[in-house]
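Heads up, the thing below is written out as structure tokens.
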Amino acid sequence: MSASPAASRVGVWLIGARGSVATTAVAGCAAVTAGLHPPTGMVTETALFADTGLPPLSSLVFGGHDTVDCPLPKRAESLSAGGVLPHGLPGAVAAELAAADREIRPGGPAPGDTRDPAALIESFAADLRDFVRRRGLVRAVVVNVASTEPAATGADLPPSSLYAAAALRAGCPYVNFTPSTGLHHPSLVPLAESSGLPHAGRDGKTGQTLLRSVLGPMFAQRALTVRAWSGTNLLGGGDGAALADPAAAAAKNAGKERVLTDTLGSTPEGETHIDDVPALGDWKTAWDHIAFDGFLDTRMLLQTTWQGCDSALAAPLVLDLARLLARAHETGLTGPLGELGFYFKDPVGDGPSGLAEQYAALAGFARRLRDAEQFRGAERRGAERLRNAERFRDAELVRDAELFPGAERIRDAERLRDAELFRESERLSDADGETR
């Protein structure tokens, strides 16, 4: 569902570029572009976004920051061994993985790094500007897919906010796919408002919260009283390790709880727990236990189990968001894009939390992009008609000169004679006025 010129290349700069989600996104983009796999899970490849001018998947160029040094091809092989990537895919897209890996720069702050926040921000921004310049990109979108960090406290900028500030300084649209602070830090709010750049976030909605955003409105619309809603997440991999930190888990759960409060109209009893189970790798099991009252206070229960691969669920959304922010930037949209709340647990703005309403808002956003593309097409057609008219006029003059070699000289003489007669008329008129 792409319509931008193939020559216009767009950068996707991933924070956490050697993690599972980033590796899956790079490998998946290459696989879909080569026709090896269908674009399952990519909303931008559905009819909703037909003729909206999104950059083609083939035009995306990947790079990023990371603090680890495991090469992307090796990371992809590990994911394939764990069943996240299809068998044989890392070898089939090895060139694309290696190309992206060459564009990954050291992140920070690393242990022992003595640079202050201003120096780190400038260093990250310089990496971005260099990426855009060297690769001949029309723009680059920064997407944070790094591990969750604890909620920021105090005036110090956490790493996610350093990267976000660097994105703005480099003139790049920004997406926060994590629950980390990013642009939400108070000191960055004025900068984001004055930057004239579109941004979206935060915390990608891929599994348990996706289901909650459907079930919450269902209970409310059927006038069923939810008394308690408890949940448990079992996951391994990098996310499991990061969320073993209670502060990081609290930041993650804030978005999950917001969905219930917004869709139910109140916060039910119960908590959501996150347990690190390294043996699960990149696979996650999410279990919800919902106690609700029916007619005549009849007590009932609903239990759901979601088992999935977080990286495979998140990667197509990352590709969607990179394309949507690139197109938004191209059309001149600025500020927080609340219409993209469909993708997030804790979306910017005060939009709806129910998935159906969020999808309707996303459809409205698609219409905005389509209208912009149609206007651009009309401008292109108008410019082409003007060029054709100019070429036709030039051709007519050439034919006149060929058929009537003296015609142009005659016309020049006539124009000169007319100018002389006009000047003589003005002179006589002035003289007549002086006589009177």
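Just so you know, these numbers come straight off a predicted model, no measurement behind them.
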Between Val141 and Val12, does a side chain to side chain contact (heavy atoms under 4.5 Å, CB included) hold up when you go through it step by step? CA-CA 5 Å; Val141 178; Val12 181; 5.6 Å; no
Write down the atom of [X], the atom of [Y], and the distance for their closest heavy-atom approach.
X: Ser123; Y: Arg115; result: OG-NH1, 3.2 Å
X: Phe124; Y: Gly108; result: CZ-N, 3.7 Å
X: Phe49; Y: Thr52; result: O-OG1, 2.7 Å
X: Arg129; Y: Ala170; result: CG-CB, 4.1 Å
X: Leu234; Y: Leu280; result: O-CD1, 3.5 Å
X: Tyr359; Y: Phe342; result: CD1-CE1, 3.7 Å

So, applying salt bridge (Lys or Arg N to Asp or Glu O under 4.0 Å) with Arg18, which one of Asp66, Asp101, Asp69 is it?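 Option passing the salt bridge (Lys or Arg N to Asp or Glu O under 4.0 Å) with Arg18: Asp101.
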Reference residue Phe177; test side-chain contact (heavy atoms from CB on, under 4.5 Å); the match among Val145, Asn144, Ile15: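 The option that passes is Val145.
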Before giving the answer on side-chain hydrogen bond (donor to acceptor under 3.5 Å, both in side chains), spell out for Asp293 and Thr225 the whole-Å C-alpha distance, their side-chain angles and the decisive distance to 0.1 Å. CA-CA 5 Å; Asp293 289 343; Thr225 303; 5.5 Å; no
Pair His65 and Trp13, ring centroids less than 6.0 Å apart: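 They qualify: ring centres under 6.0 Å apart.
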Are the side chain of [X] and the backbone N or O of [Y] linked by a donor-acceptor pair below 3.5 Å?
X: Trp283; Y: Gly82; value: yes
X: Glu103; Y: Phe62; value: no
X: Thr33; Y: Ala30; value: no
X: Asp203; Y: Thr178; value: no
X: His273; Y: Ser230; value: no
X: Asp127; Y: Phe131; value: no
X: Arg258; Y: Lys345; value: no
X: Ser160; Y: Gly182; value: yes
X: Ser80; Y: Ala76; value: no
X: Thr331; Y: Arg327; value: yes

For a side-chain hydrogen bond (donor to acceptor under 3.5 Å, both in side chains) check, start with the C-alpha distance between Arg75 and Ser20, then their side-chain angles and the critical distance, and finish with the verdict. CA-CA 8 Å; Arg75 181 69 174 137; Ser20 297; 2.3 Å; yes
Rounded at 0.5 Å granularity, tell me how far [atom1] in [X] sits from [atom2] in [Y].
X: Cys172; Y: Leu325; atom1: SG; atom2: CG; value: 11.0 Å
X: Asp282; Y: Ser311; atom1: CG; atom2: OG; value: 4.0 Å
X: Asp262; Y: Glu357; atom1: CG; atom2: CD; value: 10.5 Å
X: Thr263; Y: Leu355; atom1: OG1; atom2: CG; value: 11.0 Å
X: Thr206; Y: Lys284; atom1: OG1; atom2: NZ; value: 4.5 Å
X: Asp130; Y: Leu128; atom1: CG; atom2: CG; value: 9.5 Å

Evaluate salt bridge (Lys or Arg N to Asp or Glu O under 4.0 Å) for Asp371 paired with Arg368, printing each intermediate quantity in order. CA-CA 5 Å; Asp371 290 345; Arg368 290 175 68 186; over 6 Å; no
Taking atom CG of Asp350 as the centre, report whether more than 12 heavy atoms of other residues, nucleotides or ligands fall under 6.0 Å from it.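 Not more than 12 within 6.0 Å, no.
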Can you confirm whether more than 12 heavy atoms, excluding those of Arg222, are under 6.0 Å from its CZ atom?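 Incorrect, the count does not exceed 12.
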Can you check whether [X] reaches [Y] side chain to side chain, under 4.5 Å on heavy atoms?
X: His37; Y: Pro86; result: yes
X: Tyr343; Y: Lys205; result: no
X: Phe344; Y: Asn176; result: no
X: Val138; Y: Val132; result: no
X: Leu340; Y: Phe365; result: yes

Ignoring hydrogens and geometry beyond distance, is a side-chain donor-acceptor pair present between Arg323 and Thr44 at under 3.5 Å?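 A donor-acceptor contact under 3.5 Å links the two side chains.
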Side-chain donor-acceptor pair present, Glu257, Thr272, cut-off under 3.5 Å: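 A pair is found: one side chain offers a donor N or O, the other an acceptor, under 3.5 Å apart.
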Please determine whether side chain to side chain contact (heavy atoms under 4.5 Å, CB included) holds for the pair Asp275 and Asn233, giving the CA-CA distance in whole Å, both sets of side-chain angles, and the decisive distance to 0.1 Å. CA-CA 6 Å; Asp275 294 332; Asn233 282 261; over 6 Å; no
Is Asp346 salt-bridged to Arg202, going by a charged N under 4.0 Å from an acidic O?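 Judged by the 4.0 Å cut-off on N to carboxylate O distance, Asp346 and Arg202 do form a salt bridge.
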Asp51 and Arg370 ion-paired at < 4.0 Å: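 No, no charged N to carboxylate O under 4.0 Å.
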Going through the checks in order, is the side-chain hydrogen bond (donor to acceptor under 3.5 Å, both in side chains) test met by Gln208 and Asp288? CA-CA 8 Å; Gln208 184 180 45; Asp288 269 355; 2.7 Å; yes
Side chain to side chain contact (heavy atoms under 4.5 Å, CB included) between Glu330 and Arg139: does it pass, once the steps are laid out? CA-CA 8 Å; Glu330 182 182 17; Arg139 61 186 48 83; 3.7 Å; yes
For the pair Arg227 and Glu269, evaluate salt bridge (Lys or Arg N to Asp or Glu O under 4.0 Å) and give the outcome as yes or no after the intermediate values. CA-CA 6 Å; Arg227 293 184 293 106; Glu269 294 180 7; over 6 Å; no
Show, in sequence, the C-alpha distance, side-chain angles and deciding distance for Thr261 and Thr267, and conclude whether the side-chain hydrogen bond (donor to acceptor under 3.5 Å, both in side chains) test is met. CA-CA 5 Å; Thr261 301; Thr267 304; 2.7 Å; yes
Please assess Leu188 against Leu157 for the test side chain to side chain contact (heavy atoms under 4.5 Å, CB included), listing each intermediate value before the final yes or no. CA-CA 9 Å; Leu188 295 187; Leu157 293 179; 4.3 Å; yes
Applying salt bridge (Lys or Arg N to Asp or Glu O under 4.0 Å) to Lys74 and Glu77, what does each step give before you reach the verdict? CA-CA 5 Å; Lys74 185 175 181 180; Glu77 290 172 4; over 6 Å; no
